[in-house]
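Values below: all heavy atoms of this structure, side chains included; hydrogens, waters and symmetry mates excluded. We count ligands from 1, going down the list as the structure has it; atoms in each ligand are counted the same way. Here, residue 1 is the first one in the sequence, and each next residue gets the next number.
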Amino acid sequence: MAGNFSDDEGNSKGKSLEEYTKVKREGKEMHRSSSRPQLDLSGAAIQSNSEERNPTILLPNQSDDIFHLALDIGGSLIKLIYFSRHEELSQDDKRRRFMKKRLGIFNGKRRSCPILGGRLHFVKFETGKLNECLDFISSKQLHLGGIDSPSWTSGAQDNGNIIIKTWSSTPSKNYRTRKFPCSVLLFSTLGSAIEPILLEFSVVFFDTYSVKGKQSLIPSLCHFLHPVLHPGNLLKSDCHHSKLAWIICLNYSCLLVTGVAASAALNSRWRYLEATGGGAYKYADDFKERLGVSLDKEDEMNCLVAGANFLLKAIRHEAFTHMEGQKEFVQIDQHDLFPYLLVNIGSGVSIIKVDGDGKFQRVSGTNVGGGTYWGLGKLLTKCKSFDELLELSQKGDSSNIDMLVGDIYGGLDYSKIGLSASTIASSFGKTVSTSKELLDYRPEDISLSLLRMISYNIGQISYLNALRYGLKRIFFGGFFIRGHAYTMDTISFAVHFWSKGQAQAMFLRHEGFLGALGAFMSYEKHGLDDLMAHQLVERFPMGAPYVGGKIHGPPLGDLNEKARKLS
Ligand SMILES: Nc1ncnc2c1ncn2[C@@H]1O[C@H](COP(=O)(O)OP(=O)(O)OP(=O)(O)O)[C@@H](O)[C@H]1O
Ligand SMILES: CC(C)(CO)[C@@H](O)C(=O)NCCC(=O)O
């Protein structure tokens, strides 16, 4: 086990990475606008039937128009969360909302629009197939604000001959559409129907990628705009987030207003996506090149903890125990949540002691994790997918491969130390004393042996860390768990067995999305403390992302019996 210990603030990243994040963050803070739309997590609830995996989360009170999309790009999987509205907006409403959103204009009337509500969607991709993820984002236009965004934003083409799209709520201000040999993303005029104060106000965005080397075109563009925009009225130009935004004022009398709006527009973060995980660093250029967006890098441990805290505090029936095939939801008292141990089983395993919102310490980790099961399993069984490997395990008998206590003790229990004859003494140990080759073993048995070895080991290490800090509750996340009954039972068994029933293993329905949720919430550092218990309303029947209630594989043993023998 390679242990990574953090400092007291829970900062486990290497210094250079941290500095990099800090620099980015400082840069980002400078550009943050206080008038950005707010994320409202109150009343958040799972919305699904019990069979659905990765159920959507309803945000019934979300009134501001957000177009959040967040990513957790891990070693094995990319997890993506996005928000969508309930209802179809009219074209007109969409335009209004879109422009307000772009400009960050709310005039303090954030709550004046009707409550619309929406949903959080959870999607995953293999990290090795990044393009599928980029295609998905692109097809849904999630990086531009989602499918709700006005259709004219998609008018941009890549061939260098982009149509300048114009729009105005007043017919008299409908300018001609002209083609320019450069990529002009937006040209819009806001009319009085949107905000009286914004009458005669125009915004032009240029894509600097395409404009690069074509600066000479800008004067001709201005010339084109001349009949509408008096020359010399250029208020501000700035290069921000790789886009060049020009705010052009039509009317000197609204210079001040325009100035505010201009800075709001320049400060708007719509070209940023919140992202966490190592891939946020590794694949930043791919996002930039394919989607033209920057990734705002959030610390992975921070996000895991924020995501777990949100789920545990705000979502009823999120956490559950799983023992001997029985699943039971756990009622979490949000005022009595801390401290707890969070074990995230991704490719590798992070073990985090959580003491509060933003208060945590990564106390340990192990490189024997989900990637180990999938990697070794793939090599040994030739399985083509993780799910295939997991499915194989359900038909396996690991006693063909594992050396059991009974194999060593001639079929007897070693009851003095609490070990039954069926307890695994040594994973894969039986293969040593036979002349069998790899191909002589059933892939089903190999898969089950591996699964038991890794799950049990993680359960045991987790318990030892819980013991280190006197913690009784251990929450397990990460996609290795996959809602798989036998995996959860094995982990629970290890925790129960070694703690003599004192510690409890619990699982989360959104197990693999903790980091992505944390990244999502970092759009707004929304304090969860103001989520009152009465707001946590359950609206829909729900169930865990759960692969069957039936347990496959050999019995894990009589837990009570073992615990009694040990005590
Ligand atoms: N479809 C899948 N493809 C690959 N692995 C899967 C799949 N489904 C579940 N897994 C398991 O989930 C693990 C990855 O889990 P998760 O997405 O939580 O971690 P990660 O973020 O990719 O890794 P890390 O946090 O270590 O960078 C894999 O190692 C594998 O064991
Ligand atoms: C390196 C991370 C944090 C990347 O998610 C994860 O894979 C992990 O916790 N691995 C275990 C590393 C260790 O502590 O030995």
Side-chain angles (χ1 to χ4, degrees), residues 1-6 10-14 17-18 53-54 70-81 122-130 132-133 275-283 297-305 307-308 342-352 360-379 381 383-393 447 450-451 453-455 457-458 461-462 465 475-484 486-488 491 507-508 510-519 545 547:
M1 181 175 83
N4 275 2
F5 290 88
S6 66
N11 299 318
S12 57
K13 294 280 184 194
L17 189 61
E18 210 144 76
R53 290 181 57 79
N54 307 318
L71 296 146
D72 174 3
I73 311 175
S76 304
L77 299 172
I78 301 174
K79 282 73 60 176
L80 186 149
I81 298 182
F122 300 84
V123 189
K124 71 170 163 45
F125 302 87
E126 286 173 30
T127 308
K129 296 177 182 164
L130 176 72
E132 286 180 10
C133 173
T276 189
Y281 297 85
K282 187 173 173 185
Y283 300 113
K297 297 154 193 79
E298 294 291 334
D299 176 72
E300 185 181 342
M301 298 300 130
N302 248 322
C303 287
L304 284 174
V305 170
L342 176 63
V343 180
N344 194 64
I345 317 177
S347 318
V349 185
S350 282
I351 303 180
I352 307 165
F360 64 89
Q361 190 184 354
R362 184 178 187 271
V363 292
S364 194
T366 165
N367 48 12
V368 180
T372 318
Y373 173 60
W374 179 205
L376 272 178
K378 195 173 169 183
L379 286 177
T381 68
C383 270
K384 292 279 175 282
S385 75
F386 179 87
D387 285 347
E388 192 188 333
L389 182 68
L390 208 53
E391 215 175 301
L392 270 187
S393 75
S447 178
L450 260 181
L451 186 65
M453 177 177 91
I454 288 160
S455 307
N457 199 249
I458 293 170
I461 293 171
S462 303
N465 277 288
F475 292 99
F476 288 88
F479 253 117
F480 167 70
I481 296 168
R482 196 77 172 93
H484 192 252
Y486 197 78
T487 305
M488 293 187 283
I491 291 172
F507 305 91
L508 299 166
H510 294 90
E511 57 198 6
F513 287 96
L514 308 186
L517 263 169
V547 184

[X] heavy atoms, cut-off 4.0 Å: which ligand 2 atoms fall inside?
X	result
M301	3 (C)
T366	11 (C), 13 (C), 14 (O), 15 (O)
N367	15 (O)
S350	3 (C), 8 (C), 9 (O)

Heavy-atom gap G278 to ligand 1 smaller than 4.0 Å:
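Heavy atoms of G278 never come under 4.0 Å of ligand 1.
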
So for W374, does at least one of its heavy atoms come nearer than 4.0 angstrom to any atom of ligand 1?
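W374 counts as a contact of ligand 1 under the 4.0 Å cut-off.
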
Quick one: pull up [atom1] in [X] and [atom2] in [Y] and give me the separation to the nearest 0.5 Å.
X	Y	atom1	atom2	value
K282	I73	NZ	CD1	10.5 Å
L392	L451	CG	CG	11.5 Å
S462	N457	OG	CG	9.0 Å
I351	R362	CD1	CZ	8.0 Å

Any N or O of [X] closer than 3.5 Å to N or O of ligand 1:
X	result
G75	yes
G512	no
L77	yes

Does A516 have any side chain to side chain contact (heavy atoms under 4.5 Å, CB included) partners at least two apart in sequence or in another chain, and if so, which?
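Expected list: D72, K79, I81, F513.
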
List for me each residue that meets side chain to side chain contact (heavy atoms under 4.5 Å, CB included) alongside K129, sequence neighbours excluded, and say none if there are none.
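By the side chain to side chain contact (heavy atoms under 4.5 Å, CB included) rule, K129 matches E126, E132.
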
Below 4.0 angstrom from a heavy atom of [X], which ligand 1 atoms are there? Numbered from 1 as shown, please.
X	result
G478	18 (O)
R482	8 (N), 9 (C)
G371	29 (O)

The one among E126, E300, K129 that brings a heavy atom closest to atom 25 (O) of ligand 1:
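Minimum heavy-atom distance to atom 25 (O) of ligand 1 goes to E300.
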
Hey, looking at atom 23 (O) of ligand 1, which of S347, G74, S76, G346 has the closest heavy atom?
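Heavy atom nearest to atom 23 (O) of ligand 1 belongs to S347.
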
With no hydrogens and no angle check, just 3.5 Å: does a side-chain donor-acceptor pair link S347 and S76?
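Judged by distance alone, the side chains do pair up.
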
Short N or O distance, R362 and ligand 2, threshold 3.5 Å exclusive:
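Yes; the residue has a nitrogen or oxygen that sits under 3.5 Å from a nitrogen or oxygen of the ligand.
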
Does S364 reach ligand 2 with a nitrogen or oxygen that is under 3.5 Å from one of the ligand's nitrogen or oxygen atoms?
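No.
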
[X] and [Y]: which non-hydrogen atoms are nearest, and at how many Å?
X	Y	answer
T487	S455	CG2-OG, 3.7 Å
N344	E511	OD1-O, 4.3 Å
Y373	S447	OH-OG, 2.9 Å

Parallel, tilted or perpendicular: which one describes the rings of W374 and F386, with boundaries at 30° and 60°?
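Because their plane-to-plane angle is over 60°, the rings of W374 and F386 count as perpendicular.
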
Could you find the nearest protein heavy atom to [atom] and give me its residue, atom name and distance?
atom	value
atom 30 (C) of ligand 1	F386 CE1, 3.3 Å
atom 31 (O) of ligand 1	G370 O, 2.8 Å
atom 17 (O) of ligand 1	K79 NZ, 2.6 Å

Please check if the side chain of N465 supplies one atom and the backbone of I461 the other of a donor-acceptor pair under 3.5 Å.
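Looks like yes, one N/O pair under 3.5 Å.
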
Any donor and acceptor pair, going by atom type alone, linking the side chain of T366 with main-chain N or O of V349 inside 3.5 Å?
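Side chain of T366 to backbone of V349, a donor-acceptor pair under 3.5 Å: no, none is there.
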
Does ligand 2 have a heavy atom under 4.0 Å from the side chain of V349, from its backbone, from both, or from neither?
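It is the backbone that touches ligand 2; the side chain stays farther off.
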
Measure F479 to ligand 1 on non-hydrogen atoms and call it side chain, backbone, both or neither using the 4.0 Å cut-off.
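F479 to ligand 1: contacts from backbone and side chain alike.
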
